[in-house]
Asker: 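Take a look at this one; I'll ask things after.
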Amino acid sequence: MELAKAYKPIEHEQAAWDLWLKAKAFAADPSQVKANGGTKDPYAIVIPPPNVTAALHLGHALNNTLQDILARMHRMKGYETLWMPGTDHAGIATQAVVEKRVMKEEKKRKTDFTREAFIAKIQAFKDEYEAVITGQLKAMGCSCDWDRQRFTMDDQCATAVREAFFILFRDGLIYRGKRLVNWDPALQTAVADDECYDEEVDGQFYFLKYPLVDSDETITVATTRPETYLGDTAVAMNPRDSRAKALVGKKVRLPLVGREIPIIADDYAVLPESMATTDEEKNDPKAKFSTGFVKMTPAHDTNDYEIGVRHGLAMVNMMSPDGRVSDKHGWDGAKMPPEFLGKKMEEARKLVVEEFTKLGLFEGVKPTRHSKKFSDRSKAVVEPYLSDQWYVRVTDPKMARTANAALVPEQRTSNHTGGTGFQPVPNGLKARSTDGELSFFPPRYAKTYEHWHDNIRDWCISRQLWWGHRIPVWSLSLDSQPDGTSFATAAQRVQEIVQRVLTAYGVSGDVAMRLCGESFDDGRLDICARTVAAERCLDDLLAVILETKDKWYELPAASAVGSDWTWLTEHVYPPETDRDPDVLDTWFSSALWPLSTMGWPNPRAFPGNEGMLEAFNPTSTLCTAREIITLWVSRMVMFNRYFRSDEVTKKRSDEVASPSSTSSLRHSVTSSLPGPVPFKHVYIHAVIQDGEGRKMSKSLGNGVDPLDIIESHGSDAMRFTLCQMATDTQDVRLPVQKDSKTGKNTSPKFDLGRNFANKLWNASRFALSMIGGSPLRGEVAAEQRSESPATSASLASGRPGGATHLSLIDRWMLSRLATGVHAADASLAQYQFSEYAMGCYTLLWNDFCDWYLEGIKPTVANSPQQQAVLAQSLDAIIRLLHPVMPFVTETLFQHIRHIQTATVAGITLTPATKLGTLCTAGWPKVDASLRDENAEREFARVQALVALIRDIRAKHQVKPARKITLHVPASLKLTGIDDLIKTFAGIDIIATDATQTGVPFAFEGAELRVSNLIDPAEAAAAAATGGDANDAEKARLTKQIADMDKSIATLEGRLNNPGYADRAPPAMVQQTRDQLTKAKADRDAAAAALAKL
RNA sequence: GGGCGAGUAGCUCAGCGGCUAGAGCAUCCGCCUUACACGCGGAGGGUCCAGGGUUCGAAUCCCUGCUUGCCCA
């Protein structure tokens, strides 16, 4: 079959893809893995699920290219390979995009729809983008197991999320707590950081005096928000403040409120300008306004909140959700002056000034500008607001510390002491067998990971959104009643009633209850439902209490409640009795990804998952970006190790054994073996920036669409270029240009990959033309070769003991191949993708094309041995390149796999296992014995001499077709390399005469000449202008002499250095002497030639 | 504020104790040489950010500074 002159990706990519799918080449079979009684080692990658928010960009292309390289390489190496694909629902991002879209297209808000209706809209959007993303990955050639594609909110993943939440809730690792959120008082909802914008506004610093307790003195605080003084719980001053010693520990009394609050010392308080000593302090813009005293309002300011947590300050909320002063939403019984109650924040501010003025405690104002947060949608001023949120207790040793213990010892920090993270294993205890399994590439990222866990804080997992996994907790709030029942008694009774209902529905094992609080003010019963059945039970129970369903009294729950109904309805506080409206942080479901995608917790519940966890968890490698280390990597490690721990696993199997047992509240947490890591290696890839070092983004318009590159250059070209860029550094730059024809962004860098693919294509085309038509063993059918390669004849490498002697260039090529394959293996094993790409590049382009193919042209047609070396080398190179350029290599393989030649001893090329596909063929094995130093040394002589002659040819503008004569002195031996020199340098005769004609040059210390450069007829004409030629010759030799002199000076300098001979390794010294001898000889030869001109 | 990178040819990057510091692109010269002009052959081009130090020897290791980027808080 004829191959086109140039590789046209678009004509071949689809066919290759179809072949792979037809062969089911990417399907992972867990039963093949040793853990399940099979014979293979597993190799697994879970894709970092792309957000369904938008199409993939070049960073995704890079990351997925690298994953595909790893997957394909391991598949060829015989690993049972799973690359799990899927997408992420990306809660806030997706909901925001859809909200914007709906606003633009329908002029409607989220709240104009029911929750269900709006979720359906997001779902439709998700379907749309999931299809786009999947299409992109397939166009890139990603060898995922597409039949297993998951989505973080599909039924399988949702089941895992439910189970995980339940277990954590049951085990006391999930709790409810208060946290500052961005509150939009107009919409009365929390808003995320990216739904706010900052704006500089004119404001004022207000100066308020607070009287010291038991003293007539006052201190003055400066603030831009005087109204929040109602929620003050401390005053801070800098410990270096000269007054601090006397004042810290004393108390002040808040005017009107009457609350006594402490004065604390904290660096956060800025020293007044007059006390500042360093430039930094003086230049702090706040120093100008500072009095040295800062009011602390932890419930209404993010900085104060941090300090409040640090110093254990009380949190007093003085605002209601609609942004008015309130004493109804506070804690610790805060008392507000009645005149403030119900006032808006702006009104309250004026009132503060008035009241303080009346009391003589107002010192004045100074104008300032400061930045303020506003809500995108309502434009209202965003208030930091304390509200109820759910947390995962990742500070528990079973979480953060276990995550750090997962690090391989050599990547742990040696001087590790504090923190919640790693602690040395106590004496006498063996380290966990599952510890020390995790390593980072490049290793420096282990520090990021470790540091994160050392300083980790509990993870807030609730989000005030609609799109996501809704928190599976129902709350019964208790209210005191005149009958005088104590809180504890009432709570006890409620739990008993709930328990009866659960039993009636047969779901008591699927529910965990926890009582929160100790009084009717803040007490409630939280009930977590593990399954949909349990959920229905709770719905019914609430319906019975609230009478919200038709014929509620006929529900099984009603009979289970029975005569307690009246009592129950009197004690359960209706308005807040419901399922929690919030959804889980997206990372909660992502954190379960290596578990949920493989069927955890119950592989039998969804088809095809059996044996997956055993086979593929832990996975082998996770490829991701560095900011993901904290967001995702850490959480996957914590979750995998917790949910696959002995403790959790055993508890689950006990439940299966006796499903009726109730999940008790706060299981006793006993010491247990943590589970395995979710992945052994974490590879962190570089960030792609544009040519100016800026992030690629839509707003800058500097983004490059992978599909555009695939269209213009081909998928392989994009992949190769990206792989070649993937170095260990943090950022890589890709100069971006706008294509004048299409108007699309592209980069000239992709030409590299396109040219390389074309080079491979043409090298193969040439090889096929040489050997495709003349099989060595015509009697062996084409298909048979791939079945039983051992039947074909085998060529020895020409080394001692070999049957057939190979020529120098063949031995050289095999040596280069052996080195190249070894280097590629080593590079990929260390995630050195760029080195792998560049190594392959040199091997194919320089070694194979420039030297080998050119060198064998005169001989290959008549040498079956050479044809074998040619075919086997090309086949090996194509296999080596398959992971990075799957399409072109697969296309070519479909031709070269039919070639019949002898095999080459030392090269093992295992045939394909599925439909003759390269992607299931064996990774090339080239025996190290094929490395041949002698051949490399001799060939290097060829290359050096050829380079000198080519230089002369170029300077003299000798036509490529013209054969010239080389004159060498008899002392210089070119035995065995003379034919190659003739081929490469365009020489027809190598004479050993001592002619003085022609162009002289120095090689290996001898004076050589080339003559007959020009056609005799032209020579006569040129003789007239001989002076010019002579001048050029002189210039050339002069430069050669200068180069040699420079080299000689360097080498002599080194040898003359007294310490060198003494301290440097002897071999190195000898090498330097040899170099010097050679350089001097070359210089002398060149000088002699110059003198004769 | 803490942590991690980068600064080498016009551009994008390798090299990270010892070759005359390399590659691709770009530039210049010559070639449609029968696989490839997405090509072939050749050439020019670098105070390896600056300043100290360690070493027989530093682009490479250490320190200081400058420029620049990212992550976490």
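On a predicted model such as this, the values are computed, not experimentally measured, just so you know. Side-chain atoms are counted along with the backbone in the values below, which use heavy atoms only and exclude waters and symmetry mates. By convention in this document, chain letters (A, B, ...) are assigned in the order of the sequence lines, proteins followed by strands, and residues within each chain are numbered from 1.
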Asker: Is there a Watson-Crick or G-U wobble partner for B:A23 with both distances under 3.5 Å, and which nucleotide is it?
Answerer: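 Base partner found: B:U12.
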
Asker: Given atom OH of A:Tyr841 and atom C1' of B:C38, what is their separation to the nearest angstrom?
Answerer: 10 Å

Asker: What is the base-pairing partner of B:C40, counting Watson-Crick and G-U wobble geometry with both distances under 3.5 Å?
Answerer: B:G30

Asker: Atom CH2 of A:Trp761 to atom C1' of B:G39: distance rounded to whole Å?
Answerer: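 It works out to 17 Å between those atoms.
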
Asker: Give the minimum heavy-atom separation between A:Cys723 and A:Phe833, together with the two atoms involved.
Answerer: SG-O, 3.4 Å

Asker: Taking any strand in view, what nucleotide pairs with B:G18 in a Watson-Crick or G-U wobble way, both distances under 3.5 Å?
Answerer: B:C56

Asker: Give none if B:A6 has no partner; otherwise give the nucleotide forming a Watson-Crick or G-U wobble pair with it, both distances under 3.5 Å.
Answerer: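 B:A6 is paired with B:U67.
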
Asker: Measuring to OP1 and OP2 of B:G39, would you say a side-chain N or O of A:Asn755 lies under 4.0 angstrom away?
Answerer: yes

Asker: Report yes if a side-chain nitrogen or oxygen of A:Arg1054 is closer than 4.0 Å to either non-bridging phosphate oxygen (OP1 or OP2) of B:C19; otherwise report no.
Answerer: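 For B:C19, OP1 or OP2 has a side-chain N or O of A:Arg1054 closer than 4.0 Å.
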
Asker: Expressed in angstrom and rounded to an integer, what is the separation of A:Lys955 atom NZ from B:A43 atom P?
Answerer: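 In whole Å, B:A43 P and A:Lys955 NZ are 6 Å from each other.
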
Asker: Using a cut-off of strictly less than 4.0 Å, decide whether A:Arg733 has a side-chain nitrogen or oxygen near OP1 or OP2 of B:C11.
Answerer: no

Asker: Between A:Lys1080 and A:Asp1084, does any side-chain N to carboxylate O distance fall below 4.0 Å?
Answerer: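 No, A:Lys1080 and A:Asp1084 are not salt-bridged.
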
Asker: If I pick the C1' atom on B:G45 and the same atom on B:G24, what distance separates them, to the nearest angstrom?
Answerer: 15 Å

Asker: Has A:Lys447 got a side-chain N or O lying under 4.0 Å from the OP1 or OP2 atom of B:C4?
Answerer: yes

Asker: What contact category does A:Ala763 fall into here, base, sugar-phosphate, or nothing, at under 4.0 angstrom with non-hydrogen atoms?
Answerer: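 Base: the residue A:Ala763, judged by heavy atoms under 4.0 Å, touches a nucleobase.
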
Asker: Fit a plane to each ring of A:Phe440 and A:Tyr449, take the angle between them on a 0 to 90° scale, and name the class: parallel (under 30°), tilted (30 to 60°) or perpendicular (over 60°).
Answerer: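 Ring orientation of A:Phe440 relative to A:Tyr449: tilted.
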
Asker: Is it true that A:Ser634 and A:Trp452 share a donor-acceptor pair across their side chains at a distance under 3.5 Å?
Answerer: yes

Asker: Once you round it to whole Å, what is the distance between C1' of B:A23 and CG of A:Leu843?
Answerer: 16 Å

Asker: Which residue lies toward the 5' end of RNA chain B, A:Arg626 or A:Gln832, if each is placed at its nearest nucleotide?
Answerer: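 The residue whose closest nucleotide sits nearer the 5' end is A:Gln832.
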
Asker: Atom CG of A:Asp951 and atom C1' of B:A43: how far apart are they, to the nearest Å?
Answerer: 8 Å

Asker: Tell me which nucleotide among B:A35, B:G69, B:G18 gets nearest to the side chain of A:Arg765.
Answerer: B:A35

Asker: Using a heavy-atom cut-off of 4.0 Å across all strands, would you classify A:Asp1062 as base, sugar-phosphate, or nothing?
Answerer: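 A:Asp1062: no heavy atom of the nucleic acid under 4.0 Å.
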
Asker: In whole angstroms, how far is the P atom of B:U34 from the CG atom of A:Leu768?
Answerer: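 The distance from CG of A:Leu768 to P of B:U34 comes to 19 Å, rounded to the nearest Å.
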
Asker: What interatomic distance, in whole Å, is found between P of B:U12 and the corresponding atom of B:A26?
Answerer: 15 Å

Asker: Looking only at atom P, what distance separates B:A21 and B:C48, rounded to whole Å?
Answerer: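 To the nearest whole Å, 11 Å.
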
Asker: Verify the contact: side-chain N or O of A:Trp845 to OP1 or OP2 of B:C40, cut-off strictly under 4.0 Å; return yes or no.
Answerer: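 Checking A:Trp845 against B:C40: at least one side-chain N or O falls below 4.0 Å of OP1 or OP2.
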
Asker: So, does A:Asn745 use its side chain to make a donor-acceptor pair with the main chain of A:Gly703 at under 3.5 Å?
Answerer: yes

Asker: Starting at the 5' end of RNA chain B, which residue's closest nucleotide do you reach first, A:Ala757 or A:Pro1065?
Answerer: A:Pro1065

Asker: Which part of the nucleic acid, if any, lies within reach of A:Val687 when heavy atoms closer than 4.0 Å are counted: base, sugar-phosphate only, or nothing?
Answerer: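 Nothing, no nucleic acid heavy atom in range.
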
Asker: Quick one: label A:Arg950 by what it contacts on the DNA or RNA (base, sugar-phosphate, nothing), any heavy atom closer than 4.0 Å.
Answerer: sugar-phosphate

Asker: For the side chain of A:Thr630, counting heavy atoms from C-beta on, which of B:G57, B:A14, B:C72 is nearest?
Answerer: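 The answer is B:C72.
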
Asker: Considering only atom P, compute the distance from B:G5 to B:G41 and round it to an integer number of Å.
Answerer: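 Pairwise P distance, B:G5 against B:G41, rounds to 40 Å.
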
Asker: To the side chain of A:Ser1047, which of B:A73, B:G42, B:U20 is closest?
Answerer: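 Selected nucleotide (nearest to the side chain): B:U20.
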
Asker: Please measure how far the P atom in B:C49 lies from the corresponding atom in B:G10, and state the result in whole Å.
Answerer: 13 Å

Asker: Can you tell me how far P of B:G7 sits from CD of A:Gln730, to the nearest Å?
Answerer: 12 Å

Asker: I'd like to know if A:Arg1083 and A:Asp1045 make a salt bridge, using a cut-off of under 4.0 Å between side-chain N and carboxylate O.
Answerer: yes

Asker: Does a side-chain N or O from A:Thr729 land closer than 4.0 Å to OP1 or OP2 of B:A14, or not?
Answerer: yes

Asker: Please confirm whether the shortest side-chain N or O distance from A:Lys759 to OP1 or OP2 of B:C40 is below 4.0 Å.
Answerer: yes

Asker: Decide yes or no, distance alone: a donor-acceptor N/O pair under 3.5 angstrom between the base of B:A35 and the side-chain of A:Glu854.
Answerer: yes

Asker: With respect to the side chain of A:His451, which nucleotide from B:G41, B:G2, B:C70 is positioned closest?
Answerer: B:G2

Asker: If you look at every strand shown and take non-hydrogen atoms under 4.0 Å, does A:Asp850 touch a base, only sugar-phosphate, or nothing?
Answerer: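 If one applies the 4.0 Å heavy-atom cut-off, A:Asp850 turns out to touch the sugar-phosphate alone, with no base involved.
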
Asker: Tell me: CE of A:Met838 to C1' of B:G24, nearest whole Å?
Answerer: 6 Å

Asker: Students often get this wrong, so: under 4.0 angstrom with heavy atoms, is A:Ser764 touching a base, only sugar-phosphate, or nothing?
Answerer: nothing

Asker: Provide the distance between the two C1' atoms, one in B:A23 and one in B:C66, to the nearest whole Å.
Answerer: 29 Å

Asker: Base, sugar-phosphate, or nothing for A:Lys5, non-hydrogen atoms under 4.0 angstrom?
Answerer: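 The answer is sugar-phosphate, as A:Lys5 gets under 4.0 Å only of primed atoms, P, OP1 or OP2.
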
Asker: Please tell me which of the listed nucleotides, B:G24, B:C36, B:U20, lies nearest to the side chain of A:Met1044?
Answerer: B:U20

Asker: Within the 3.5 Å criterion, strictly below it, is a donor on A:His685 or A:Thr624 matched to an acceptor on the partner's side chain?
Answerer: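 Per modelled atom types, A:His685 and A:Thr624 side chains form no pair under 3.5 Å.
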
Asker: Do any side-chain nitrogens or oxygens of A:Lys749 fall under 4.0 Å of OP1 or OP2 in B:C13?
Answerer: no

Asker: Taking atom types as modelled, find out whether A:Asn846 and A:Asp850 have a side-chain donor-acceptor pair closer than 3.5 angstrom.
Answerer: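 Yes - a donor-acceptor pair under 3.5 Å links their side chains.
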
Asker: Using the P atom on both, measure B:G22 against B:G44 and round to a whole Å.
Answerer: 12 Å

Asker: B:C13, B:C71, B:C38: which one has an atom nearest the side-chain heavy atoms of A:Lys8?
Answerer: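 Of the options given, the side chain of A:Lys8 lies nearest B:C38.
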
Asker: Quiz question: going by heavy-atom distance under 3.5 Å, is there a donor-acceptor pair between the base of B:C71 and the side chain of A:Glu627?
Answerer: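 Under the 3.5 Å cut-off, the side chain and the base do not form any donor-acceptor pair.
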
Asker: Using the C1' atoms only, state how far B:G65 lies from B:C71, rounded to an integer number of Å.
Answerer: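 Between the two C1' atoms, the distance is 24 Å.
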
Asker: Give one of base, sugar-phosphate or nothing for A:Leu853, where a contact means two heavy atoms less than 4.0 Å apart.
Answerer: base

Asker: If you look at every heavy atom in A:Thr746 and A:Ile709, which pair is closest and at what distance?
Answerer: OG1-CD1, 3.6 Å

Asker: OP1 or OP2 of B:C40 less than 4.0 angstrom from a side-chain nitrogen or oxygen of A:Lys959, does that happen here?
Answerer: no

Asker: With under 30° as parallel and over 60° as perpendicular, where do the rings of A:Trp845 and A:Phe756 fit, or are they tilted in between?
Answerer: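 Rings of A:Trp845 and A:Phe756: parallel, under 30°.
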
